[in-house]
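Some notes on the structure that comes next.
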Amino acid sequence: MQIETKSRIDQLTSPAGHPVTVLRFEGDISSTSRDAVIGAYQGLSKETVKVVLLDFTKVDYINSSGIALVIQMMMEAANMGQKVHAFGLSAHFQKVFTMVGITKYAHLFADQTAALAAL
Amino acid sequence: MQIETKSRIDQLTSPAGHPVTVLRFEGDISSTSRDAVIGAYQGLSKETVKVVLLDFTKVDYINSSGIALVIQMMMEAANMGQKVHAFGLSAHFQKVFTMVGITKYAHLFADQTAALAAL
Amino acid sequence: MQSNAVPVDTLYSEKHSIQSAKEQMDLMNSASASTVEVKLPSRMGYEKVAMTTAASVAKLMGFGEDRIEDLKTAVAEACINAIEHGNRLNDKLSVGVVLSTDEDSLEIKVIDDGIGLQKQPALPNIDRKMHGEEDTRGMGMFLIQALVDEAEWVVGTSGSSSYVRLLIRLHKQEIQ
Amino acid sequence: MQSNAVPVDTLYSEKHSIQSAKEQMDLMNSASASTVEVKLPSRMGYEKVAMTTAASVAKLMGFGEDRIEDLKTAVAEACINAIEHGNRLNDKLSVGVVLSTDEDSLEIKVIDDGIGLQKQPALPNIDRKMHGEEDTRGMGMFLIQALVDEAEWVVGTSGSSSYVRLLIRLHKQEIQ
Ligand SMILES: Nc1ncnc2c1ncn2[C@@H]1O[C@H](COP(=O)(O)OP(=O)(O)O)[C@@H](O)[C@H]1O
Ligand SMILES: Nc1ncnc2c1ncn2[C@@H]1O[C@H](COP(=O)(O)OP(=O)(O)O)[C@@H](O)[C@H]1O
């Protein structure tokens, strides 16, 4: 009865010439999103991927179990020396991510253009 | 507890040079919309207004009591020799308006441009 | 426009005598664990709450946008009738909405504490309406029947609650 | 970020002994005619139905978009906890959601058939989470408290149902 989370990976280059791996989510980010969040992240190369950008543009519903998965992913990435940032969150979920402290470890950008320009 | 319906009147000219009175609704079209539908229509000049175009672009919810008010307005307009058409209905409400037979008496256009081009 | 057989022959069907919409809901609920119930005040505007809840359940079940729109209108119209005609806008009475899901269909009962539908209304006729020969209203039940796969109105016996039962299928059935 | 006093001292408050979320709902409903009730199966995903219903009631009351978003997250988190911790995903139990409106506030009780909150959880700490020193979960109650104007967890006595009570005001109160 829960809506499945899809994830997709895009390999982009920032205007400054840096490679950026975009992990795009679609659907809910909840307790059932483990594969879409952790699984998709773990499929990325630990050697070549330096910056992971999470795209929440097509996500309407995020709950605390889903946020826990995002934090777990950020933790694994930090341990690998990778940076994680995000874009496409609504004003409400930007507030929620800020409340739980995620913004101490990740930047939240308005959209992909703003994110790439800063990376 | 019902959301108030607002209406606004715009006087336009079609590309063919005909005067068109646009009655724009905002909010719900339900039993409480009598003033916004019938009242606003009755405020229009019987002499100068020939074509009334109903704009539903900012309407999300229409129920059968609201449709009854639209039909009553169309009836009054027909008795005055005026034409009524509409635009901005979602695919669903275009279907509903068609089901109840309104399309026998009024054209439903996709948007204002399409409506004006045809008038 | 969809063509739906309208089983209005069930209009006067009998059922167990129960006392109120609340009891009716309790009775129905025991049947299934996949049931969502809503209880609404008999006040205009609250039909939108039931409509939104039904849409949310349908979305969870995987219904497409179009079917959800059909369902929303049908549920809103059924609730308006329960509020207005069934409970006659009586503040002390509630409208019950029971949403029961199974693999491929969603059944919705909209229950009021009124005496139920007394006679089948005539089909709305736009020409008669435009010529002032019939009330401009009277389109709710017609829309309900046209928009869902099954609709039946059940009259409660001996003063107990009445309901309309709607069924909407996840997959359109083959025309036989 | 909003600053909300968190009345967790009510955590262990007593109340009348009642048997189930259903009875709890019946009890509460008799109070007011402006009450919407929802009953959900104890299954993950159904929190979204309660969330949507609450949003719809809040919209009808005239709450702004921002406050509705806050409410949606708080209600979803409360329902997830009722489903997971209260009813332990037991298919046979329902979660009750009672939405009571008055002029300038919306009160929401989310009721389950569990034993209730046994101890107040620690505040989530992002540094500890990022260093693997605490579970990455454990943010639901924190978010609820941060997003609504009042939140209190009430433990049912002698095996009766427990609930969390949320209050959200239409107009922000002056800081005293
Ligand atoms: N729940 C109900 N209880 C009693 N009578 C009903 C109910 N629903 C509908 N009816 C009757 O059927 C008639 C037609 O209903 P409907 O087609 O929805 O149009 P309207 O509500 O505009 O009259 C109503 O006027 C009422 O007499
Ligand atoms: N309705 C409830 N019934 C019993 N225990 C609860 C309830 N809600 C919360 N709790 C307890 O409080 C803890 C913290 O809840 P929460 O902050 O929402 O995080 P999480 O659900 O991720 O653990 C839960 O792990 C549980 O032990």
Side-chain angles (χ1 to χ4, degrees), chain A residues 1-5 27-38 41-42 52 54 56 59-86 89-108, chain D residues 1-4 40-52 55 63-85 89 91 121 123-148:
Chain A
M1 276 295 185
Q2 284 186 286
I3 288 164
E4 205 192 314
T5 320
D28 299 345
I29 301 289
S30 68
S31 56
T32 53
S33 311
R34 181 168 292 277
D35 286 352
V37 178
I38 309 291
Y41 165 75
Q42 289 176 344
V52 182
L54 308 178
F56 289 99
V59 173
D60 289 328
Y61 173 67
I62 308 179
N63 65 31
S64 68
S65 308
I67 296 174
L69 293 173
V70 172
I71 293 174
Q72 189 184 325
M73 195 215 91
M74 286 170 57
M75 182 180 74
E76 293 185 24
N79 291 341
M80 289 295 157
Q82 298 166 324
K83 293 256 170 238
V84 177
H85 302 296
L89 287 163
S90 68
H92 173 69
F93 283 113
Q94 286 186 39
K95 180 170 78 175
V96 167
F97 274 46
T98 304
M99 281 172 169
V100 298
I102 286 184
T103 43
K104 257 183 100 166
Y105 293 88
H107 284 291
L108 308 182
Chain D
M1 180 139 169
Q2 295 163 267
S3 63
N4 289 292
L40 304 168
S42 298
R43 198 177 307 162
M44 282 297 182
Y46 276 94
E47 78 278 7
K48 288 192 285 182
V49 175
M51 173 180 94
T52 315
F63 276 95
E65 288 297 330
D66 286 13
R67 290 302 274 161
I68 293 179
E69 288 301 317
D70 290 348
L71 184 70
K72 281 166 71 176
T73 291
V75 170
E77 294 297 328
C79 289
I80 290 170
N81 283 349
I83 292 168
E84 186 181 356
H85 304 302
L89 299 161
D91 243 6
L123 286 179
N125 180 310
I126 191 70
D127 299 322
R128 291 176 48 81
K129 285 188 200 302
M130 285 294 288
H131 295 102
E133 293 159 15
E134 73 176 35
D135 193 346
T136 53
R137 288 195 49 176
M139 294 173 288
M141 286 178 55
F142 165 75
L143 285 175
I144 292 171
Q145 291 169 338
L147 292 170
V148 299

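Owing to the predicted nature of the structure, the values given are computational and were not obtained by experimental measurement. Every chain is numbered from 1, with letters handed out A, B, ... down the list of sequences.
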A/F56: ring-ring contact (aromatic ring centres under 6.0 Å, His included) partners, not counting sequence neighbours: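 With sequence neighbours excluded, A/F56 shows a ring-ring contact (aromatic ring centres under 6.0 Å, His included) to A/F25, A/F97, given in chain and number order.
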
A/Y61 vs D/K72 side-chain heavy atoms within contact, under 4.5 Å: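 No, side chains not in contact.
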
Minimum side-chain heavy-atom gap D/D70-A/K95 below 4.5 Å: yes

Near [X] [atom1], under 6.0 Å, is it more than 12 heavy atoms from other residues, nucleotides or ligands?
X: D/D66; atom1: CG; result: no
X: A/H85; atom1: NE2; result: yes
X: D/E65; atom1: CD; result: no

Best-contacting candidate, A/H92, A/E76, A/K104, A/M75, against chain D by heavy atom pairs under 4.5 angstrom: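 Heavy-atom pairs under 4.5 Å are most numerous for A/H92.
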
Proximal to chain A - members of residues 124-132 of chain D, heavy-atom separation under 4.5 Å: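 D/I126, D/D127, D/K129, D/M130, D/H131, D/G132 fall under the 4.5 Å cut-off.
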
Residues from residues 74-84 of chain D approaching chain A under 4.5 Å (heavy atoms): D/A76, D/E77, D/I80

Close approach to chain D in residues 64-74 of chain A, criterion heavy atom under 4.5 Å: A/S64, A/S65, A/I67, A/A68, A/I71, A/Q72, A/M74

